[in-house]
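From a predicted model like this one, the values you see are computed outputs, not experimental measurements. Numbered from 1 within each chain, the chains take letters A, B, ... in sequence-line order.
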Number of protein chains: 2
Amino acid sequence: MAFKKVSRIKIPDATIRRLSLYDRCLEGFLKSGKKVVSSSDIARKCGTNPAQIRKDFAYFGEFGVRGVGYYVENLQGDIKRALGIDRSWNCALVGAGNLGFALLGTDSLAKRGFKISAIFERDPILVEMGSFQGIPLYPMEEMVRVIPELGIQIGIIAVSPDSAIKVALKLTDAGVRGILNFTPTTIKVPPGIILKNVDFAIDLEGIAFQLNNE
Amino acid sequence: MAFKKVSRIKIPDATIRRLSLYDRCLEGFLKSGKKVVSSSDIARKCGTNPAQIRKDFAYFGEFGVRGVGYYVENLQGDIKRALGIDRSWNCALVGAGNLGFALLGTDSLAKRGFKISAIFERDPILVEMGSFQGIPLYPMEEMVRVIPELGIQIGIIAVSPDSAIKVALKLTDAGVRGILNFTPTTIKVPPGIILKNVDFAIDLEGIAFQLNNE
DNA sequence: ACGTGTGAAGCATTTCACAGCG
DNA sequence: CGCTGTGAAATGCTTCACACGT
């Protein structure tokens, strides 16, 4: 019994985030040729504690060998399967501004299985280009047609804050099931649609707060 | 007694993040001319619940008037003061790549009181330009001199993942007290230095996980 | 009468400590 | 013997329900 199909038990969001971290760590261990690691090894490397790590794994099954540790390669497979990134996810980027280009410019998404297969943009002059880095560019109106056609599951909102809500609505209408919102806007989505917000101003404010109180 | 100097009591990180959200909400209320709001008004607008909001405020003092609600303008001041963003913070951007430019291209940092007053970049050809959008560009080596000189408190790491740790070390050596790390790298900082990580791949993985389990 | 402020209850997550197994 | 896996304890956060002040 190595991998337990995910239970009805609620898994903490924090656990999911940490699993992503562990996965990254393992990349490092793999590169340095380590075959087996213990929970303390991982903890040291990514700044959590060993008990936490074991508990996190336990939600999904038994990934290790008692008295020995975890086989790096197996463990990575198990984590990826647990997270659902043992396959590729089809994404659309909405907004070809500074931030959008920045996202395209990094390989960190592709490397983790998130493929951007369409870009939607309001500005007709940009859309005129037809494609960017081999990814087709469409006007916003095409969303409802293109998204089902390409089987896009996740939408990434990188437009200006004032159009974010409209874009989110269009995305869900078009059949997207998950949304990553980069604008500092509170978006509401129908139940069943997964929404996550990325907002670095909030993190900066968190830093400011802590600096302000010693 | 309106504002209680922040106590020795530990304030949840989640509370701090929500305060940032509330602050944004209030912007909206201000624009629409609303003078007084209740905790339920805020809750509706930003998707939390009223009790939570009152509890969050309670860590810092009494911001409202019983039986009435909160005076929008006062409340915003109180929240900003609580967060430590009733003043300006001096930041340095390290790395003038895609992501760095994206950060400079948005006004959302400036608008919230985070001023980028120096850019550090490895590539000599870029540094040659001398400045970008009026912000001076320096080679990495100048960090130790420039950061204290300009009184920079927060460093923003937007370099490639493999140099992130080195950069973080340089920043802390130079006297920075807070770091916002945009690379998918686990960084360790000495005690007293505040570190936050922004990693959208993790959020995408969170979406993937949830989609994968209905 | 109304909506805030707050102790107490309820829930969720983390940490502990040890049993279990290679 | 060592390190995982796991109930139980401890901690932390959120929600409830009502007292309080205007």
OP1 or OP2 of C:dG5 less than 4.0 angstrom from a side-chain nitrogen or oxygen of B:Tyr70, does that happen here? yes
Can you name the residues that form a side chain to side chain contact (heavy atoms under 4.5 Å, CB included) with A:Asn74, not counting sequence neighbours? A:Tyr71
Return each pair, listed once, that meets salt bridge (Lys or Arg N to Asp or Glu O under 4.0 Å) where at least one residue sits in residues 147-159 of chain B; pairs must be two or more places apart or across chains. B:Arg145-B:Glu149
For the pair made of CD1 in A:Ile53 and C1' in D:dG5, what is the distance, rounded to whole Å? 14 Å
For A:Ser39 and A:Tyr70, the nearest pair of non-hydrogen atoms, with its separation, is N-CE1, 4.0 Å
According to the ring pair (Phe, Tyr, Trp, His ring centres under 6.0 Å) rule, which pairs have a member within residues 14-42 of chain A, sequence neighbours left out? A:Tyr22-A:Phe57
Name all pairs fulfilling the salt bridge (Lys or Arg N to Asp or Glu O under 4.0 Å) condition that reach into residues 182-205 of chain A, sequence neighbours left out, sorted by first residue then second. A:Asp13-A:Lys196, A:Asp199-B:Arg24, A:Asp203-B:Arg17, A:Glu205-B:Arg112
Strictly under 3.5 Å: I want the nitrogen or oxygen pairs between protein and nucleotides 9-12 of chain D, one per line.
none

Below 4.0 Å: OP1/OP2 of C:dT14 and any side-chain N or O of A:Tyr59: no
Nucleic acid contacts - residues 187-203 of chain B versus DNA chain D, non-hydrogen atoms under 4.0 Å: none
Nucleotide D:dG5, atom P - distance to CZ of A:Phe60 in whole Å: 14 Å
To the nearest Å, give me how far apart CG (A:Leu75) and C1' (D:dC3) are. 14 Å
For nucleotides 15-22 of chain D, 5' to 3', base contacts (B), sugar-phosphate-only contacts (S) and non-contacts (-) with protein non-hydrogen atoms under 4.0 Å give BBB--BBS
For residues 158-169 of chain B, please give each side-chain donor-acceptor pair under 3.5 Å, one per line with the distance, not counting sequence neighbours.
{"unit_1": "B:Ser160", "atom_1": "OG", "unit_2": "B:Asp162", "atom_2": "OD1", "d": "3.2"}
{"unit_1": "B:Ser160", "atom_1": "OG", "unit_2": "B:Ser163", "atom_2": "OG", "d": "3.4"}
{"unit_1": "B:Ser163", "atom_1": "OG", "unit_2": "B:Ser160", "atom_2": "O", "d": "3.3"}

Under 3.5 Å, side-chain donor or acceptor atoms of residues 93-111 of chain A against the rest of the protein: list the pairs with distances, not counting sequence neighbours.
{"unit_1": "A:Thr106", "atom_1": "OG1", "unit_2": "A:Ser108", "atom_2": "N", "d": "3.1"}
{"unit_1": "A:Thr106", "atom_1": "OG1", "unit_2": "A:Ser108", "atom_2": "OG", "d": "3.3"}

Going by number, which of residues 16-23 of chain A have a non-hydrogen atom under 4.0 Å from DNA chain C? A:Arg18
Report all side-chain donor-acceptor pairs from residues 174-183 of chain B shorter than 3.5 Å, counting only partners two or more places apart or in another chain.
{"unit_1": "B:Arg177", "atom_1": "NH2", "unit_2": "A:Leu211", "atom_2": "O", "d": "3.4"}
{"unit_1": "B:Asn181", "atom_1": "OD1", "unit_2": "B:Thr183", "atom_2": "N", "d": "2.9"}
{"unit_1": "B:Asn181", "atom_1": "OD1", "unit_2": "B:Thr183", "atom_2": "OG1", "d": "2.8"}
{"unit_1": "B:Asn181", "atom_1": "ND2", "unit_2": "B:Thr183", "atom_2": "O", "d": "3.2"}
{"unit_1": "B:Asn181", "atom_1": "ND2", "unit_2": "B:Thr185", "atom_2": "O", "d": "3.2"}
{"unit_1": "B:Asn181", "atom_1": "ND2", "unit_2": "B:Asn197", "atom_2": "OD1", "d": "2.9"}
{"unit_1": "B:Thr183", "atom_1": "OG1", "unit_2": "B:Thr185", "atom_2": "OG1", "d": "2.9"}

Whole-Å distance separating the CD atom of A:Glu62 from the P atom of C:dG20: 13 Å
Mind checking side chain to side chain contact (heavy atoms under 4.5 Å, CB included) for A:Pro148 and listing every partner two or more places apart, or none if nothing turns up? none
Residue A:Ser39, side-chain heavy atoms: nucleotide from C:dT6, D:dT6, D:dT4 that is nearest: D:dT4
